[in-house]
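First up is the structure itself, then whatever we jot down about it.
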Amino acid sequence: MLHLINESPFESNSLDDCLKYAAKGSPILFFEDAIYGAMAGTSLEEKIKMVLADHDVYVLKEDLAMRGVDQLVTGMKEVDYPGFVGLVEEHKTASW
Amino acid sequence: MKFGILITEGPYQHEASDSAYQFAKAALAKGHEILRVFFYQDGVLNSTKLMEPQADDRHIQKQWSALATENGIEFIVCVAAAKRRGINDTVTAEGFKIGGLGMLTELAIEADRVVEFRA
Amino acid sequence: MNEEMEENEEVAKLMIVFRSAPYGSIYAFEGLENVLIMAAYDQDISVLFIDDGVYAIKKGMDTTATGIKNFSPTFKAMEAYDIEKVFIDRTSMEARGLKLEDLVVEPEVIESDAVEKMMEEQKNFFMF
């Protein structure tokens, strides 16, 4: 299961809700405002590192660029839209 | 693969429709088939030909219409959601058809993947 | 047509996941619309309530003062539509101070770690 998170973790529970159900090893993709959760140096960085211990966490390049974010928490994987499609080829999706 | 796309959010207010469009283009470029794009809830507002965005911004309806006509993809606008929001076949743009919610169930039965773009 | 589908095609497992509270947004209402439409297709339908979605089936709703349609009685019709696979996430329900007797339907209680597996088993599912 690929979990799609599109809201900023600073204002939404989507990521926490998703983590309650996501099986260890299931990939998570941050896009739209969720990309702020991938940024290095925020108060959420330690939490994101804990998520990275159990999940591959991808972040959508196009949405990062649009928002001027380039410093990511170590371990985050960048994908572009073709990469997003590639993840969907491999997994069913849950849009939180 | 056979893909379906579900959009439940309107244009401009939220990035959902833009994300769905970029995803659809990327899926087609990789050789996937998109069986249907289903516009639901506020997503039905993407279909109106009356939208007139400022000239220096993308035209969300025209982008979608071009994608439908160039690739022969079926776009269904949920009839009940459309009626609630003042959308009918006199305002829907090229490529959009009004249809019943059952067409979303049919998409779920037929598609290998249905990706939901939402607020 | 439905008979034909049963003969010629495999029945698909489909699920509607309720994760939003009613009235504050339209998602729960539309989730229920989908359940009832899906029931007409004779597929293998499941319904799951998680997170704020558990509020959608709380007893005692009275919308007379606002004029918004009260759709909670319609959940009781699921049984008449032969929808028998109805589940609720225990932690979501307990965190919100609800017990089974507070609900208009009688879902089967499941643990959170069963949710992803249930999603994975479906041909497709929608979360509203």
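Worth knowing before you read on, the calculation uses all heavy atoms, side chains too, and leaves out hydrogens, waters and symmetry mates. Letters A, B, ... are given to chains in the order of the sequence lines, protein chains preceding strands, and every chain is numbered from 1.
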[X] side, atom [atom1]; [Y] side, atom [atom2] - distance, nearest 0.5 Å:
{"X": "C/Ile37", "Y": "B/Glu106", "atom1": "CD1", "atom2": "CD", "answer": "10.0 Å"}
{"X": "B/Thr105", "Y": "C/Ile16", "atom1": "OG1", "atom2": "CD1", "answer": "7.0 Å"}
{"X": "B/Arg113", "Y": "C/Lys123", "atom1": "CZ", "atom2": "NZ", "answer": "10.0 Å"}

Around atom [atom1] of [X], are there more than 12 heavy atoms of other residues, nucleotides or ligands at under 6.0 Å?
{"X": "C/Glu106", "atom1": "CD", "value": "no"}
{"X": "B/Lys97", "atom1": "NZ", "value": "no"}
{"X": "C/Glu120", "atom1": "CD", "value": "yes"}
{"X": "B/Lys62", "atom1": "NZ", "value": "no"}
{"X": "B/Glu52", "atom1": "CD", "value": "no"}

Any side-chain heavy-atom pair of B/Thr8 and C/Phe128 under 4.5 Å:
yes
Tabulate, in ascending numerical order, the residues of residues 47-79 of chain C having at least one heavy atom closer than 4.5 Å to a heavy atom of chain B, or enter 'none'.
none
Closest heavy-atom contact between C/Asn124 and B/Asp112?
OD1-O, 4.1 Å
Under 3.5 Å, side-chain donor or acceptor atoms of residues 38-47 of chain B against the rest of the protein: list the pairs with distances, not counting sequence neighbours.
| from | atom 1 | to | atom 2 | distance (Å) |
| --- | --- | --- | --- | --- |
| B/Tyr40 | OH | C/Glu30 | O | 3.3 |
| B/Tyr40 | OH | C/Glu30 | OE1 | 2.6 |
| B/Tyr40 | OH | C/Asn34 | ND2 | 2.9 |
| B/Asp42 | OD1 | B/Arg85 | NE | 2.6 |
| B/Asp42 | OD1 | B/Arg85 | NH2 | 3.3 |
| B/Asn46 | OD1 | B/Ser17 | OG | 2.8 |
| B/Asn46 | ND2 | B/Glu9 | O | 3.1 |
| B/Asn46 | ND2 | B/Gly43 | O | 2.8 |
| B/Ser47 | OG | B/Val44 | O | 2.7 |

So, the part of C/Glu33 with a heavy atom under 4.5 Å from chain B: the answer is both
Can you check side chain to side chain contact (heavy atoms under 4.5 Å, CB included) on B/Leu104 and C/Phe126, steps first, answer last?
CA-CA 10 Å; B/Leu104 181 60; C/Phe126 298 116; 3.5 Å; yes
Cationic tip of B/Arg118 above C/Tyr27 ring, under 6.0 Å, 45° of axis
yes
Has the side chain of C/Tyr41 got a donor or acceptor atom that lies under 3.5 Å from a matching backbone atom of B/Ile109?
no
